[in-house]
Protein chains: 2
Amino acid sequence: MAQTGTRAAATTAAIEEAALDLALAHGYETVTVDRICEQVGISQRTFFNHFPTKDDAILGREMPSIDERAARAFVLADGPLLLDALLLIPVPEGDAAPPRMDERMRIIAGHPHLLARQIERVSTLEAELREIISQRIAHADPAGDDAARESESALITCLMGGMMRFATSEASAARRGESMASRVEEARGVLERVLAR
Amino acid sequence: MAQTGTRAAATTAAIEEAALDLALAHGYETVTVDRICEQVGISQRTFFNHFPTKDDAILGREMPSIDERAARAFVLADGPLLLDALLLIPVPEGDAAPPRMDERMRIIAGHPHLLARQIERVSTLEAELREIISQRIAHADPAGDDAARESESALITCLMGGMMRFATSEASAARRGESMASRVEEARGVLERVLAR
DNA sequence: AAGGCAGTGTGCAGTCACTGCATGAAAGGT
DNA sequence: ACCTTTCATGCAGTGACTGCACACTGCCTT
């Protein structure tokens with residue numbers, strides 16, 4: 001499934017690229033797996049050896065991950081919990097960003113189920129996220145009880161999912177075409193105003 | 001697609017029921033559309049005339065909707081916006097609940113993609129929800145500017161999705177098997193604590 | 001009574017995503 | 001040169017879903 005050698009890696013990359021190209025050129029739904037395979041020059045079986053799903057091929061292989069530094073800063077910070085938590089949203093930017101992220105986003109935006117899947121993927125980090133949030137709460141309130149801490153961190157994790165959806169949605173039409181980082185920044189501002197009410 | 005006459009309605013109901021029965025008896029993934037059709041005594045084609053998707057058959061036809069009274073109360077309330085918004089989460093209960101809701105929930109709980117779909121369905125109400133939230137903000141702050149109001153209500157809508165996910169998740173393991181209403185109540189409590197931080 | 005229309009169900013044949021299994025070829029270390 | 005691991009493949013199947021043309025059933029009109 002997750003193959004590691006360089007040969008396989010090359011194939012994986014080729015599939016990813018072809019999938020993206022075709023989807024951009026002809027639209028997501030008209031692109032079949034067979035078509036992608038044809039383009040890459042591999043068999044369908046091989047395709048599914050590399051990606052469990054057509055969707056995954058389009059979303060790409062690298063999963064976002066939580067920035068260590070941001071996590072540490074978050075644990076020690078003492079601002080409003082919800083706002084600080086936004087620091088944890090992984091925002092691939094610049095060189096670290098998976099290549100062609102913007103093109104991907106364009107496709108994702110038009111296909112809600114891809115967005116859902118993307119968020120579901122991020123929530124693979126849920127455990128990690130919860131753990132970090134839990135630490136922060138423990139740090140701020142060493143006397144708190146465990147169960148409370150657990151449910152609070154779980155809830156914040158869910159809310160983060162909502163924030164991501166907002167950030168990636170076109171709700172902020174003004175932000176269309178802008179980077180993920182600036183969208184999150186925008187979302188932060190809106191959240192601040194909401195919390196003030 | 002959505003057929004209205006009583007005859008069709010009966011068929012729809014029969015499909016829904018059979019789907020649920022079979023899923024409960026043999027597990028969601030082992031239940032095929034063909035199996036459901038066999039049970040009901042219809043053709044596969046007919047099945048898909050009634051439900052666009054196998055998932056939809058299991059989730060059922062009636063969509064949750066926002067309670068009018070709750071909406072009015074929300075618009076006029078003046079508590080913390082996020083907390084008040086929880087009032088809007090449609091919580092089918094008692095007689096008003098679609099029949100066998102609890103059994104459905106049991107299946108949904110074990111199949112994340114069904115949950116995602118359910119939430120996606122609720123978000124069909126997004127426009128309505130946004131409108132109501134927008135009214136509330138306008139009521140509280142008549143001088144506010146339109147764009148801000150729009151983005152704020154959109155964001156809250158997204159956060160509501162997160163709250164729903166939390167409420168339906170097993171995060172609050174203690175609540176397992178309890179009604180949706182009490183889960184939302186629990187979630188409300190946790191959110192209060194979080195906001196206090 | 002005859003004809004027509006709308007609502008509903010059906011059979012068929014096909015497309016597409018995805019899987020299990022067994023086999024083959026190439027890479028790379030020894 | 002030998003052997004093991006890694007990759008790719010072919011095949012044959014399953015299961016969801018669609019388009020199409022056709023058939024049956026009222027019911028309404030004339």
Side-chain angles (χ1 to χ4, degrees), chain A residues 1-20 22-23 25-61 107-108 111-114 116-118 120-121, chain B residues 1-20 22-23 25-61 107-108 111-114 116-118 120-121:
Chain A
M1 207 154 276
Q3 287 149 335
T4 45
T6 54
R7 198 148 90 95
T11 308
T12 301
I15 294 175
E16 217 170 284
E17 182 146 353
L20 195 46
L22 290 172
H26 309 108
Y28 169 78
E29 36 271 325
T30 75
V31 176
T32 76
V33 171
D34 281 333
R35 185 83 186 66
I36 297 172
C37 294
E38 186 189 342
Q39 172 109 351
V40 180
I42 57 172
S43 78
Q44 202 198 50
R45 198 66 193 75
T46 300
F47 178 97
F48 285 108
N49 284 341
H50 287 262
F51 292 93
T53 277
K54 176 182 151 187
D55 292 348
D56 286 286
I58 286 183
L59 292 179
R61 178 143 287 282
I107 299 175
I108 294 175
H111 301 275
H113 85 275
L114 284 180
R117 206 170 163 78
Q118 177 81 324
E120 187 186 336
R121 268 174 132 199
Chain B
M1 206 163 275
Q3 286 147 336
T4 46
T6 55
R7 191 160 114 204
T11 308
T12 301
I15 294 174
E16 216 170 284
E17 183 145 354
L20 195 46
L22 290 173
H26 309 109
Y28 170 79
E29 35 271 325
T30 76
V31 176
T32 76
V33 172
D34 281 334
R35 185 84 186 67
I36 297 171
C37 295
E38 185 188 343
Q39 172 109 349
V40 180
I42 57 172
S43 77
Q44 201 198 52
R45 199 64 193 77
T46 300
F47 177 98
F48 285 108
N49 283 342
H50 287 262
F51 293 93
T53 275
K54 175 182 150 188
D55 291 349
D56 286 285
I58 286 184
L59 292 179
R61 178 145 288 281
I107 299 175
I108 294 175
H111 302 275
H113 85 276
L114 284 179
R117 207 172 162 77
Q118 177 81 323
E120 187 185 337
R121 268 174 132 200

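Given the structure is predicted, the values throughout are model-derived calculations rather than measurements. Order of the sequence lines fixes the chain letters, A, B, ..., with proteins taken first and strands second; residue numbering starts at 1 for each chain.
Rounded to an integer number of Å, the gap from A/Phe47 CZ to C/dT19 P is 11 Å. In this structure, A/Arg45 places its CZ atom 12 Å from C1' of C/dA17, rounding to the nearest Å. Rounded to whole angstrom, the span from the CD atom of B/Gln44 across to the C1' atom of C/dA13 amounts to 12 Å. Distance, A/His50 NE2 to C/dC18 C1': 16 Å, rounded to whole Å. Residue A/Glu29 contributes atom CD, which lies 15 Å from atom C1' of D/dC17 at whole-angstrom precision. Atom CG of A/Asn49 and atom C1' of C/dG20 are 11 Å apart (whole Å). The CZ atom of A/Phe48 sits 5 Å away from the P atom of C/dC18 (whole-angstrom rounding). The distance between atom CD1 of A/Ile42 and atom C1' of D/dT9, rounded to the nearest whole Å, is 11 Å.
Shown here are the side chain to side chain donor-acceptor pair (under 3.5 Å) partners of B/Thr11, two or more places apart in sequence or in another chain: there are none. Residues satisfying the ring pair (Phe, Tyr, Trp, His ring centres under 6.0 Å) test with A/Phe47, not counting sequence neighbours, are none. For A/Gln39, there are no side chain to side chain donor-acceptor pair (under 3.5 Å) partners, not counting sequence neighbours. Among residues two or more places apart in sequence or in another chain, the ring pair (Phe, Tyr, Trp, His ring centres under 6.0 Å) test is passed with A/His26 by none. Evaluation of the side chain to side chain donor-acceptor pair (under 3.5 Å) rule for B/Gln44 yields B/Asp34 as partners, not counting sequence neighbours. Applying the salt bridge (Lys or Arg N to Asp or Glu O under 4.0 Å) rule to B/Arg121 yields the partners B/Asp56; only residues at least two apart in sequence or on another chain are considered. With sequence neighbours left out, the side-chain contact (heavy atoms from CB on, under 4.5 Å) criterion links B/His111 to B/Tyr28, B/Glu29, B/Ile107, B/His113, B/Leu114.
Counting non-hydrogen atoms under 4.0 angstrom, A/Val40 reaches nothing in the nucleic acid.
Shown here for B/Ile58 and B/Ala19, the closest heavy-atom pair between the two residues is CG1-CB, 4.0 Å. Closest heavy-atom contact between B/Lys54 and B/Val31: NZ-O, 2.9 Å.
Using a 4.0 Å cut-off, no side-chain N or O of A/Ser43 falls inside it from OP1 or OP2 of D/dA8. For A/Thr11, a side-chain nitrogen or oxygen approaches OP1 or OP2 of D/dA8 to under 4.0 Å. Taking 4.0 angstrom as the limit, B/Thr53 places a side-chain polar atom (N or O) nearer than this to OP1 or OP2 of D/dC17.
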Please list, pair by pair, any protein nitrogen or oxygen found under 3.5 Å from a nitrogen or oxygen in nucleotides 24-26 of chain D.
none

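For the segment residues 32-39 of chain A, the set of residues with a heavy atom within less than 4.0 Å of an atom of DNA chain D is empty.
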